[in-house]
S.K.: 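For reference, the structure I am asking about is given below.
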There are 2 protein chains.
Amino acid sequence: MSNQISFQSAIKSRNLRMTNQRRQVLRVLEESDEHLDAEAIYDLVRKQNPRISLATVYRTLALFKELGLVNEHKLGEDHSHFETAQEEPHYHFTCLSCRKIIEFSAPEIEETLLPRIAKQGLEINEVHLIISGYCADCQANLIEGKKQCSSPRPIHNQN
Amino acid sequence: MSNQISFQSAIKSRNLRMTNQRRQVLRVLEESDEHLDAEAIYDLVRKQNPRISLATVYRTLALFKELGLVNEHKLGEDHSHFETAQEEPHYHFTCLSCRKIIEFSAPEIEETLLPRIAKQGLEINEVHLIISGYCADCQANLIEGKKQCSSPRPIHNQN
DNA sequence: TTGATAATGCGAATTATTATCAATAAGAAA
DNA sequence: TTTCTTATTGATAATAATTCGCATTATCAA
C-alpha cells in the first residue's frame, strides 16, 4: 500500500530504523478497518510477537501520527482510537450504548465551513467532528428493554 | 439567571441538596466567559472557599452536566474544559500554540448535516466539532520566530 | 431540634499515557 | 562478515486527570 511507501521514505529521510515492531503495528492497523485503541492494537500485535511492549505500541503510534500515517481520534471516551490515514475526510458517530463507531462524510464542512474559518485568519491543522448518541439497533433494544444499556452512562436525559 | 432557576427545580425534583459548594461552582462558571478546566474552577472557588475539595469540584461538574447546566468539552488536550450550557449551538477552534479557544457557529451542521444523520436512524445526543490549528497572532509570531512556540507540540508538519 | 441521609473532604485507587534507562538490534562502514 | 554507532526496545516507574471509599458534616423535612 501507499502507506508502506510513505513509511519507507519517511524512514529514509530521517534517521529512523525499520523494526519488526513498527512493521507489525502498521500491519495490524492496515488489516483492520476498525478504530482500534492502543490496548486492542497491543493485543493483536502480541499474537505475532508476544514480547512487544505496550510502551512500544504507544511510541510507534505517536511516530506514525507524526509521519501522517495514522490519525488519532478522541471519541468521547477516556482513551484514543487510531486508524490509518484516509484520503477522504470523514467524521465519526459513536453509539453511547454499544460503542459502535460509524463514519460519515460531511462535504458542507470542507466546502463552506472550513473556508469560512480560514478566511478569519485561522490556520487549520485538524478537524474533528464527533456525534454521539444511539445507533438504530441500540434504540430498538433500549425501548424494548431487552438489552439493558449495560455500557457507559445511559445519559438519556428524560427529565 | 435561568441557570439558577433550572438548578432550583432540578434540585427539587430529585432528592438533591443545595450546598455552598454547588452555588460557588455555578457562580464561578457563570461569571467567567472562558472555557475553564477543573483545576481553574477549583482555584477560583478556593478564593471564596479555601476548604473545598477538588473531588467536590469534579462531582459538582458531573452533576451539572447531568442536569444540563454545564457542557464538557475535550478540546484535544488531556483534560476537559467546561462552560455553562448556551442556547445557541456553537463549536470550538483551539490554537495549538497559545491554547486560545475561539467559538464559532456552523449553521450548515444543524441545518443539513444533523438532519441527514438523523435520517439514517441515528439518535443524536451530542455534537462536538473541534478545529485545531494556529490563531492569527501565533501564525505571525511563529513566522517571525519572535515568540517560539513554547506550548504543547509544535506539529507544524513541514515535511 | 432532631433525624435521616445527601454531600463533603481527604486520601487512596484507577486509567491512560509518558518517561527512564539499561539492554538490544538496525544498518552503515570497515 | 564483523564491527561500531546509536536508534529502538522492554520493563517498570512516574505522571496527570479523574474517580472511589469512607468517616464526618451539613441540608432540610418533620
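In what follows, every heavy atom counts, from backbone to side chain, and hydrogens, waters and symmetry copies are set aside. Per chain, numbering begins at 1; letters A, B, ... match sequence-line order.
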S.K.: Pair Glu108(A), Ile109(B) - check side-chain contact (heavy atoms from CB on, under 4.5 Å), show working.
M.R.: CA-CA 8 Å; Glu108(A) 47 270 85; Ile109(B) 289 184; 5.9 Å; no
S.K.: Starting at the 5' end of DNA chain D, which residue's closest nucleotide do you reach first, Ala62(B) or Val57(A)?
M.R.: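 Looking at DNA chain D, the more 5' nearest nucleotide goes with Val57(A).
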S.K.: Answer yes or no: is there a donor N or O on one side and an acceptor on the other, between the side chain of His35(A) and the main chain of His81(A), under 3.5 Å?
M.R.: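 Judged by distance alone, no pair lies under 3.5 Å.
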S.K.: For the pair made of CG in Leu63(B) and P in dT18(D), what is the distance, rounded to whole Å?
M.R.: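 That distance rounds to 17 Å.
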S.K.: Find the distance Glu39(A):CD to dT14(C):C1' and express it as a whole number of Å.
M.R.: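 Nearest whole value for this atom pair: 14 Å.
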S.K.: Apply ring pair (Phe, Tyr, Trp, His ring centres under 6.0 Å) to residues Tyr58(A) and Tyr42(A) and explain how you reach the verdict.
M.R.: CA-CA 9 Å; Tyr58(A) 275 108; Tyr42(A) 178 52; 9.0 Å; no
S.K.: Using a cut-off of strictly less than 4.0 Å, decide whether Ser80(B) has a side-chain nitrogen or oxygen near OP1 or OP2 of dT18(D).
M.R.: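 Yes, Ser80(B) has a side-chain N/O under 4.0 Å of OP1/OP2 on dT18(D).
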S.K.: I would like to know whether Arg23(A) and Glu30(A) meet salt bridge (charged side-chain N to carboxylate O under 4.0 Å, His left out); could you show each step before the answer?
M.R.: CA-CA 10 Å; Arg23(A) 265 186 290 263; Glu30(A) 284 176 340; over 6 Å; no
S.K.: Indicate the ring-plane relationship of His73(B) and His92(B), choosing parallel, tilted or perpendicular according to the 30° and 60° boundaries.
M.R.: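 Tilted: the ring planes of His73(B) and His92(B) meet at 30° to 60°.
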S.K.: Go through residues 43-52 of chain B and report each residue with a non-hydrogen atom lying under 4.0 Å from DNA chain C, sorted by number.
M.R.: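 Heavy-atom cutoff 4.0 Å gives Arg51(B), Ile52(B).
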S.K.: Separation of Arg23(B) atom CZ from dT8(C) atom P, in whole Å?
M.R.: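 Between P of dT8(C) and CZ of Arg23(B): 11 Å.
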S.K.: Rounded to whole Å, how long is the line connecting atom NE2 of His79(B) with atom P of dT15(C)?
M.R.: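 Checked: the NE2 to P distance equals 22 Å.
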S.K.: How many Å lie between CE on Met18(A) and P on dT9(D), as a whole number?
M.R.: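 To the nearest whole Å, that distance equals 11 Å.
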S.K.: If only atom types and distance count, is the side chain of Gln139(A) paired as donor or acceptor with the main-chain N or O of Tyr134(A) below 3.5 Å?
M.R.: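 A pair under 3.5 Å: yes.
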S.K.: For dA26(D) and Thr19(B) - does any side-chain N or O of the residue sit under 4.0 Å from the phosphate oxygens OP1/OP2?
M.R.: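 So the side chain of Thr19(B) is outside the cut-off, no N or O lying under 4.0 Å from OP1 or OP2 of dA26(D).
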S.K.: If you assign Ile11(B) and Tyr58(B) each to the DNA chain D nucleotide with the nearest heavy atom, which residue ends up on the more 5' nucleotide?
M.R.: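 With Ile11(B) and Tyr58(B) compared, the 5'-side residue is Tyr58(B).
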S.K.: So if I apply the side-chain contact (heavy atoms from CB on, under 4.5 Å) rule between Asn20(A) and each of Arg22(A), Gln24(A), Met18(A), which one comes out positive?
M.R.: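 By the side-chain contact (heavy atoms from CB on, under 4.5 Å) criterion, Asn20(A) pairs with just one of Arg22(A), Gln24(A), Met18(A): Gln24(A).
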S.K.: Just one of Glu88(A), Gln86(A), Glu87(A) clears the side-chain contact (heavy atoms from CB on, under 4.5 Å) bar with His90(A), so which one?
M.R.: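 Considering Glu88(A), Gln86(A), Glu87(A), a side-chain contact (heavy atoms from CB on, under 4.5 Å) with His90(A) is found only for Gln86(A).
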S.K.: Hey, any chance Ile117(B) and Tyr91(B) share a hydrophobic cluster, counting ILVMFWY side chains that come within less than 4.5 Å of each other, even indirectly?
M.R.: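 Yes, because Ile117(B) and Tyr91(B) connect within a single hydrophobic cluster, where side-chain heavy atoms sit under 4.5 Å apart.
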S.K.: To the nearest 10 degrees, what angle separates the axes at the start and end of the helix from dT1(C)-dA30(D) to dA30(C)-dT1(D), five pairs each?
M.R.: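 Between the axes fitted at each end of the helix from dT1(C)-dA30(D) to dA30(C)-dT1(D) lies an angle of 30°.
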S.K.: To the nearest Å, how far apart are Glu72(A) CD and dT18(C) C1'?
M.R.: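 That distance rounds to 13 Å.
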S.K.: Along nucleotides 1-6 of chain C, 5' to 3', which nucleotides get a B, which get an S, and which get a -, given that the test is a protein heavy-atom distance under 4.0 Å?
M.R.: ---BBB
S.K.: So Asn71(B) and Phe82(B), side-chain contact (heavy atoms from CB on, under 4.5 Å) or not? Walk me through it.
M.R.: CA-CA 6 Å; Asn71(B) 289 131; Phe82(B) 300 86; over 6 Å; no
S.K.: Is the phosphate of dG9(C) approached by Gln21(B) (side-chain N or O, under 4.0 Å from OP1 or OP2)?
M.R.: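 Looking at the OP1 and OP2 atoms of dG9(C), one of them is under 4.0 Å from a side-chain N or O of Gln21(B).
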S.K.: Using atom CG of Asp78(A) as one end and atom P of dC20(D) as the other, report the distance to the nearest whole Å.
M.R.: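 Atom CG in Asp78(A) sits about 11 Å away from atom P in dC20(D).
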S.K.: Please tell me which of Arg59(A) and Leu54(A) maps to the more 5' nucleotide of DNA chain C, matching each residue to the nucleotide holding its nearest heavy atom.
M.R.: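 Going by which nucleotide is closer to the 5' end, it is Leu54(A).
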S.K.: Does the side chain of His128(A) reach to within under 4.5 Å of the side chain of Leu129(B), using non-hydrogen atoms?
M.R.: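 With C-beta onward as the side chain, the pair stays apart.
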S.K.: Rounded to whole angstrom units, what separation is found between the CZ atom of Arg14(A) and the P atom of dG27(C)?
M.R.: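 Taking atom P of dG27(C) as the reference, CZ of Arg14(A) is at 16 Å.
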S.K.: Look only at the side chain of Thr60(B) and the backbone of Thr56(B), and say whether a donor-acceptor pair between them is shorter than 3.5 Å.
M.R.: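 Pair found, side chain donor or acceptor close to backbone of Thr56(B).
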